[in-house]
Amino acid sequence: MDMHTVVVGTSGTTAQDVIAVARGNARVELSATAVAALAAAREVIDALAAKPEPVYGVSTGFGALASRHISPELRAQLQRNIVRSHAAGMGPRVEREVVRALMFLRLKTVASGHTGVRPEIAQTMADVLNAGITPVVHEYGSLGCSGDLAPLSHCALTLMGEGEAEGPDGTVRPAGELLAAHGITPVELREKEGLALLNGTDGMLGMLVMALADLQNLYTSADITAALSLEALLGTDKVLAPELHAIRPHPGQGASADNMLRVLAGSGLTGHHQDDAPRVQDAYSVRCAPQVNGAGRDTLAYAAIVADRELAAAVDNPVVLPDGRVESNGNFHGAPVAYVLDFLAIVAADLGSITERRTDRLLDKNRSHGLPPFLADDAGVDSGLMIAQYTQAALVSEMKRLAVPASADSIPSSAMQEDHVSMGWSAARKLRTAVDNLARIVAVELYAATRAVELRAAQGLSPAPASLAAVEALRAAGVEGPGPDRFLSPDLAAADAFVRAGGLVAAVEPVTGKLV
């Protein structure tokens, strides 16, 4: 296996594999063990299908219609119909990377040998991913229970050669045309297979995995920007001492404090105020950055544990057990994933909030300890970063709205058969927006803090080498800095792209960057 190929076996997958397929277009292959497990489980389903006794998902209807026994001649039609009727999503298209993650994770469960799907169905799923064909999936249609039903149905529809999909060139065409163009034969579903393609928490899990990767970068970047702001405000780094954090031993707090301390090594600014303008303590947004950032890091660590458990799981209903039994279950319920998705939206909102407070402090001449109003070149003639902070504040306000938990809600469906749902898909969708906003919020603080550090250097002070490295890296990324004859949008956009790409983490060494 080379670095561009992900082999799908029977025992789950890793977060790195999900990201490689979703974002890196890695090739997908089925292991020989997975093919054998698929075939063995299918023999169990075929044997049950031949018996006169009804078996849920094999020879019955679904959900509230599970009491009807379906005759053999109608079962292929039943499986086609469940896909067609469940492909009822509405609203904007979901991002390509989310759909690829969803498809890959469904393939992971199918390959486990617990679903009863034939090997050729799994191979077609891999072929569609490898061809760069992306089903058109819509924003609305999942309640996060009984699987991400509508999103997965639109993917299954593509396997059948129906509906619409996006080709590798970005053009949306009928799925049948795209399959034909890549030599892929549409599948003809048999007993259990339509249901197995729809009954998983794959969409919300894929979004969780990608959010964790993005937030790990953003939390380390926020440690760095907090250190830059502390330095520019002539704050003290004594509050970052390891012995202080050892007596409140939250791992994330210690990691964030260590990151900030490393950035500030060699600074001639920290504590400077104690000589020229004595103050007893720095403001909470400066002094408590490790506590807030660190609590978020610890929440990420818990969410990563949940994600790893889900990545090792086979989520379907019913499932084929190793002893040959086919049993109904409730493992499709999205509560474990939905909760951590909401937890992450809460901590992201709080990180955005404390970040904005430091930016505001840098711009206020009454609290910035000698910096010009709004970090302007000529305050009054130009407004400096005044409105950049407005933009940041607007994003923070939206983050607080996005922090309202989706998983605290439930709405019954399927004639009260599915009477308690997780709303995990909704939690995942709003978390993606929150992560997107958080990157912009951190980018504004970075822009303001590096500007302030440069102004301190112009005052004859000596910033830390890591701070100067951050300034230089930002300039190299195309951020020129504010000026009276320039408008800020391009610079803020470039700073945002720099943060998202991990440029700040790479530029400032040594920083742990670890998800503790």
Check your understanding: Any side-chain heavy atom of S422 within less than 4.5 Å of one from V337?
Key -> no
Point to revise | Note: R297-D223 ion pair, threshold 4.0 Å (strictly below) | key: yes
Practice item. May I ask you to check whether T115 and D316 show a side-chain donor-acceptor distance below 3.5 Å? Key: no
Study note, to complete from the structure: Rounding to 0.5 Å, atoms CG (L402) and CZ (R432) come to a distance of 13.5 Å
Review point. Taking atom types as modelled and ignoring hydrogens, do the side chains of S397 and R401 form a donor-acceptor contact shorter than 3.5 angstrom?
Key: yes
**Study point:** L197/I121 under side chain to side chain contact (heavy atoms under 4.5 Å, CB included): CA gap, chis, key distance, verdict
**Key:** CA-CA 9 Å; L197 292 176; I121 302 296; 4.2 Å; yes
Review point. Are the charged groups of D214 and R500 less than 4.0 angstrom apart, N to O?
Key: no
Practice item. State, to 0.1 Å, how close M125 and M103 come at their nearest heavy-atom pair, and which atoms those are. Key: CE-O, 4.1 Å
Point to revise | side-chain hydrogen bond (donor to acceptor under 3.5 Å, both in side chains) against R80, all qualifying residues, sequence neighbours excluded | key: none
Check your understanding: So which of E166, E139, E164, H138 actually passes side chain to side chain donor-acceptor pair (under 3.5 Å) with R93?
Key -> E166
Exercise for review: Before giving the answer on side chain to side chain contact (heavy atoms under 4.5 Å, CB included), spell out for L38 and V110 the whole-Å C-alpha distance, their side-chain angles and the decisive distance to 0.1 Å.
Suggested key: CA-CA 8 Å; L38 283 158; V110 164; 3.8 Å; yes
Exercise for review: Taking H250 for its side chain and G252 for its backbone only, find out whether a donor-acceptor pair lies under 3.5 Å.
Suggested key: no
Check your understanding: Near E177 CD, under 6.0 Å, is it more than 12 heavy atoms from other residues, nucleotides or ligands?
Key -> yes
Check your understanding: Side-chain contact, heavy-atom cut-off 4.5 Å: L321 with E327?
Key -> yes
Check your understanding: Between A15 and L311, what is the shortest heavy-atom contact and its length?
Key -> N-CD1, 3.5 Å
Check your understanding: Is a side-chain N or O of K108 found less than 3.5 angstrom from the main chain of A313, in a donor-acceptor match?
Key -> yes
Check your understanding: So which heavy atom on A165 is nearest to which on L178, and how close?
Key -> O-CD1, 3.3 Å
Review point. Is there any side-chain hydrogen bond (donor to acceptor under 3.5 Å, both in side chains) pair reaching into residues 150-162, and which pairs are they, with sequence neighbours excluded?
Key: R84-E162
**Study point:** Heavy-atom pair with the smallest gap, counting every atom of L157 and G163
**Key:** CD2-CA, 3.9 Å
Check your understanding: Counting N and O atoms only, with roles assigned by atom type, does the side chain of N130 sit under 3.5 Å from a partner on the main chain of R27, one being a donor and the other an acceptor?
Key -> no
Study note, to complete from the structure: Residues at least two apart in sequence or cross-chain that pass ring-ring contact (aromatic ring centres under 6.0 Å, His included) with H245, listed by chain then number, are none
Point to revise | Backbone N/O of V7 and side chain of E29: donor-acceptor pair under 3.5 Å | key: no
Practice item. List the atom of S328, the atom of N317, and the distance in Å for their closest heavy-atom pair. Key: CA-OD1, 3.1 Å
Check your understanding: Do the side chains of L179 and T185 get nearer than 4.5 Å, heavy atoms only?
Key -> no
Review point. In Å and rounded to the nearest 0.5 Å, what is the OG1 to CG distance from T355 to D350?
Key: 9.0 Å
Point to revise | R190/D46 salt bridge by N-O under 4.0 Å criterion | key: yes
Point to revise | Check: E191 side chain, V58 main-chain N or O, donor-acceptor pair, under 3.5 Å | key: no
Point to revise | Euclidean distance, L215 CG relative to L351 CG, rounded to 0.5 Å | key: 8.5 Å
**Study point:** Under 3.5 Å donor-acceptor, R96 side chain and R23 backbone
**Key:** no
Check your understanding: Can you find a pair of side-chain heavy atoms, one from L143 and one from S413, that are under 4.5 Å apart?
Key -> yes
Review point. How far apart are the C-alpha atoms of V306 and F343, what are their side-chain angles, what is the distance that settles it, and do they pass the side chain to side chain contact (heavy atoms under 4.5 Å, CB included) test?
Key: CA-CA 12 Å; V306 173; F343 296 165; over 6 Å; no
Practice item. Kindly write out the residues that satisfy ring-ring contact (aromatic ring centres under 6.0 Å, His included) with H182, not counting sequence neighbours, or none if the list is empty. Key: none
Exercise for review: Using a strict 4.0 Å threshold on nitrogen-to-oxygen distance, state whether R42 and E193 make a salt bridge.
Suggested key: yes
Exercise for review: Look up atom CD1 in I224 and atom CG in L504, then write down how far apart they are to the nearest 0.5 Å.
Suggested key: 4.0 Å
Practice item. Output yes when R118 and E120 qualify as a salt bridge under the 4.0 Å nitrogen-oxygen rule, no when they do not. Key: yes
**Study point:** Any donor-acceptor pair under 3.5 Å from T225 side chain to A222 backbone
**Key:** yes
**Study point:** Min side-chain heavy-atom separation M399-S353 under 4.5 Å
**Key:** no
Check your understanding: Going by heavy atoms in the side chains, are I45 and V117 under 4.5 Å from each other?
Key -> no
Point to revise | Gap separating the CG atom of L212 from the CE atom of M210, nearest 0.5 angstrom | key: 11.0 Å
Review point. D127 side chain to I184 main-chain N or O, any donor-acceptor pair under 3.5 Å?
Key: no
Exercise for review: Report yes if the side chains of L341 and K430 come closer than 4.5 Å at any heavy-atom pair, otherwise no.
Suggested key: no
Practice item. For side chain to side chain contact (heavy atoms under 4.5 Å, CB included), just list the numbers for R75 and S59, CA-CA rounded to whole Å, side-chain angles, deciding distance to a tenth of an Å, and then say yes or no. Key: CA-CA 7 Å; R75 290 175 189 169; S59 53; 3.3 Å; yes
Check your understanding: What residues form a side-chain contact (heavy atoms from CB on, under 4.5 Å) with T33, not counting sequence neighbours?
Key -> T10, S31
Review point. What pairs meet the side-chain hydrogen bond (donor to acceptor under 3.5 Å, both in side chains) rule with one or both residues in residues 301-311, with sequence neighbours excluded?
Key: T201-E310
Check your understanding: Charged N to carboxylate O below 4.0 Å: is that the case for D258 and R262?
Key -> yes
**Study point:** Nearest-0.5 Å distance that lies between atom SG in C145 and atom CG in N199
**Key:** 9.0 Å
Review point. Can you name the nearest heavy-atom pair linking V315 to F332, along with the distance?
Key: CG1-CA, 3.5 Å
Check your understanding: Any side-chain heavy-atom pair from V347 and D298 closer than 4.5 angstrom?
Key -> no
